[in-house]
**Q** 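Below: one structure in structure tokens.
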2 protein chains.
Amino acid sequence: MTDSTSTHDATSPLRVAVDIVVFTVADQDLKVLLIKRGIEPYKGAWALPGGFVLEDESVDDAARRELAEETSVEDIYLEQLYTFGEVDRDPRTRVVTVAYFALIDADSVEIHGGTDASQAAWHSMYSTPTLAFDHDTILGLALRRLRYKLEYAPVAFQLLPDEFTLSQLQATYEVILAQPLDKRNFRRKILGLDILRDTGRTRSDGPHRPARLFAFRQDRFEQATGGKVIFSF
Amino acid sequence: MTDSTSTHDATSPLRVAVDIVVFTVADQDLKVLLIKRGIEPYKGAWALPGGFVLEDESVDDAARRELAEETSVEDIYLEQLYTFGEVDRDPRTRVVTVAYFALIDADSVEIHGGTDASQAAWHSMYSTPTLAFDHDTILGLALRRLRYKLEYAPVAFQLLPDEFTLSQLQATYEVILAQPLDKRNFRRKILGLDILRDTGRTRSDGPHRPARLFAFRQDRFEQATGGKVIFSF
DNA sequence: TCAAAAGTGTTTCCCCTACACCCATGG
DNA sequence: CCATGGGTGTAGGGGAAACACTTTTGA
């Protein structure tokens, strides 16, 4: 923003980047997408996916672009997390980064790792390596925010396929919150929100009673959030 | 952040700024500090105080510096709000702005307006003029955030002097939420939080019973927030 | 028929809400 | 003595939490 009173018209040689915390749930575990850096600084270390904001794209668009480059999935739940602006957070140049967090369904993604000297891989959120830059801080904040939002916003559905069972949904909550939940109370609360549609279909999963398949009602979600997926509240 | 896979090493000519929504409560009203712009673009329009981030300061420090330039108050409650990064939000150059919101006690502030061609003044939050840039959006988000936080975080105390009466506190809540609150329930809830200290002193305000003066217990607040005033949660 | 997950109600407790009167003081 | 804001308690309702058994299927 051009300010009015004080005039600092020195062109600040700051660079603006985005970093994205991509969460998914798989194998009964909360996973985060990390990239092994192929270049300095922190070459060889794991880091969050991200990159610089280009001149002709918004910061949100930059986040979407970087995410697409790694996952090639569209319609991803993406939300701005926090902006990190310490002077020395990048050892080379001054970089201000806008962190985002994204939620995707593990089944629908195929990550694009292995190219060049870099690799992309899912890591358990509960046993991540030490990350480059201040990415450990970012990751910690993302987890807090995810847990927080889980309790008052319908975000868990973003981590599941279009049709899912209530047990799957409960397991998603349990993995993220890292605590067991009461089955009856959970079902009562979720169904009481009136944001699920019973598809009428079931899924047989093994030697036991088949489970009903539910679908998330996007219309009610948009009604609740005002259609703004990108805002915090 | 320097990214790893794709290499966009074009130096992005982005500029990074901060804008600050400074709230206070006075005259039974919620006020916001606005500045009349003395230069283009939007010369003559009202805008949020702010300015560019300097090369050798963190984004948080830039916000604190700009705030100090307008108010010369230290120990201000300051929290990052959101980052706005649309391409065309500034008609001249590409500017990404990190918005903050600040809460200060009206009695302890003396705003520094009137210098140069610019003016600074308090405006009622409920009758602001149309602002420059996307500042109306920022302001709207700030109000939502303030109301939201008011209900679960001890932020109202930041708007009051060190010692205050429960009626003052209640009036603060009522002005921000724009709705009346039940006196007995309010007192029970606040005192139940165990974050107030009864100073034992009273204040006589007119022809009626004197009110007890309370003080906010900073220690408990830090305990609740982990000392991080700058983070969202 | 057995193992394994799906599905279903009731009771208890606590918090939130609604609501009206006496108290202390200055003029 | 009166006007003005300060200060106090209780009853009822609603939602959250604890808790165990029956159902349906595949092997």
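Residue numbers begin at 1 in each chain, while the letters A, B, ... track the order of the sequences. A quick note: this is a predicted structure, and the numbers were derived from the prediction, not measured.
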**Q** Would you kindly give the CG-to-P distance between B:L169 and D:dG7, to the nearest whole Å?
**A** 12 Å
**Q** Heavy atoms only: give me the nearest A:A120-A:I35 pair and the separation to one decimal.
**A** CB-CG1, 3.9 Å
**Q** Look at the rings of B:H135 and B:F133 and say which category their plane angle falls in: under 30° parallel, 30 to 60° tilted, over 60° perpendicular.
**A** tilted
**Q** Would you say B:R212 reaches D:dG6's phosphate, i.e. side-chain N/O to OP1/OP2 under 4.0 Å?
**A** no
**Q** From A:L146 CG over to A:L141 CG, what is the distance, rounded to the nearest 0.5 angstrom?
**A** 11.0 Å
**Q** What orientation do A:F23 and A:F101 show, parallel under 30°, tilted 30 to 60°, or perpendicular over 60°?
**A** perpendicular
**Q** Between C:dG7 atom C1' and A:D182 atom CG, what is the distance in whole Å?
**A** 13 Å
**Q** Between A:D205 (CG) and D:dA27 (C1'), how many Å, whole number?
**A** 15 Å
**Q** Using atom CG of B:L181 as one end and atom P of C:dT17 as the other, report the distance to the nearest whole Å.
**A** 10 Å
**Q** Any chance the side chains of A:R203 and A:Q168 put a donor and an acceptor closer than 3.5 Å?
**A** yes
**Q** Measure all distances between protein nitrogen or oxygen atoms and nitrogen or oxygen atoms of nucleotides 22-26 of chain D, and list the pairs falling under 3.5 Å.
**A**
residue	atom	partner	partner atom	Å
D:dT23	O2	A:R209	NH1	3.3
D:dT24	O2	A:R209	N	2.8
D:dT25	O2	A:P207	O	3.3
D:dT25	O2	A:H208	N	3.1

**Q** Select base, sugar-phosphate, or nothing to describe what B:T165 touches, counting heavy atoms under 4.0 Å on all strands.
**A** nothing
**Q** Once you measure the plane-to-plane angle for A:Y173 and A:F186, does it fall in the parallel (<30°), tilted (30-60°) or perpendicular (>60°) bin?
**A** perpendicular
**Q** Which atoms of nucleotides 10-14 of chain C (N or O only) lie under 3.5 Å from a protein N or O atom, and what are those distances?
**A**
residue	atom	partner	partner atom	Å
C:dT10	O4	A:R188	NH2	3.4

**Q** Check this for me: does the side-chain of A:R184 come within 3.5 Å of the base of D:dA20 through a donor and an acceptor?
**A** yes
**Q** Between atom CG in A:D198 and atom C1' in C:dT8, what is the gap in whole Å?
**A** 15 Å
**Q** Taking the ring centre of each residue, are B:Y77 and B:F157 less than 6.0 Å apart?
**A** no
**Q** Taking the nucleotide of DNA chain C with the closest heavy atom to each, which residue, B:K183 or A:L166, is nearer the 5' end?
**A** A:L166
**Q** Which label fits A:W46 and A:H123: parallel for a plane angle under 30°, tilted from 30 to 60°, or perpendicular past 60°?
**A** perpendicular
**Q** I need the CZ-P distance between B:R203 and C:dT25, as an integer number of Å.
**A** 16 Å
**Q** How many Å lie between CD on B:Q179 and P on C:dA18, as a whole number?
**A** 10 Å
**Q** Would a 4.5 Å heavy-atom cut-off, applied to side chains only, mark A:D29 and A:V25 as touching?
**A** no
**Q** Write down the distance between CG (B:L191) and P (D:dG6), rounded to a whole number of angstrom.
**A** 14 Å
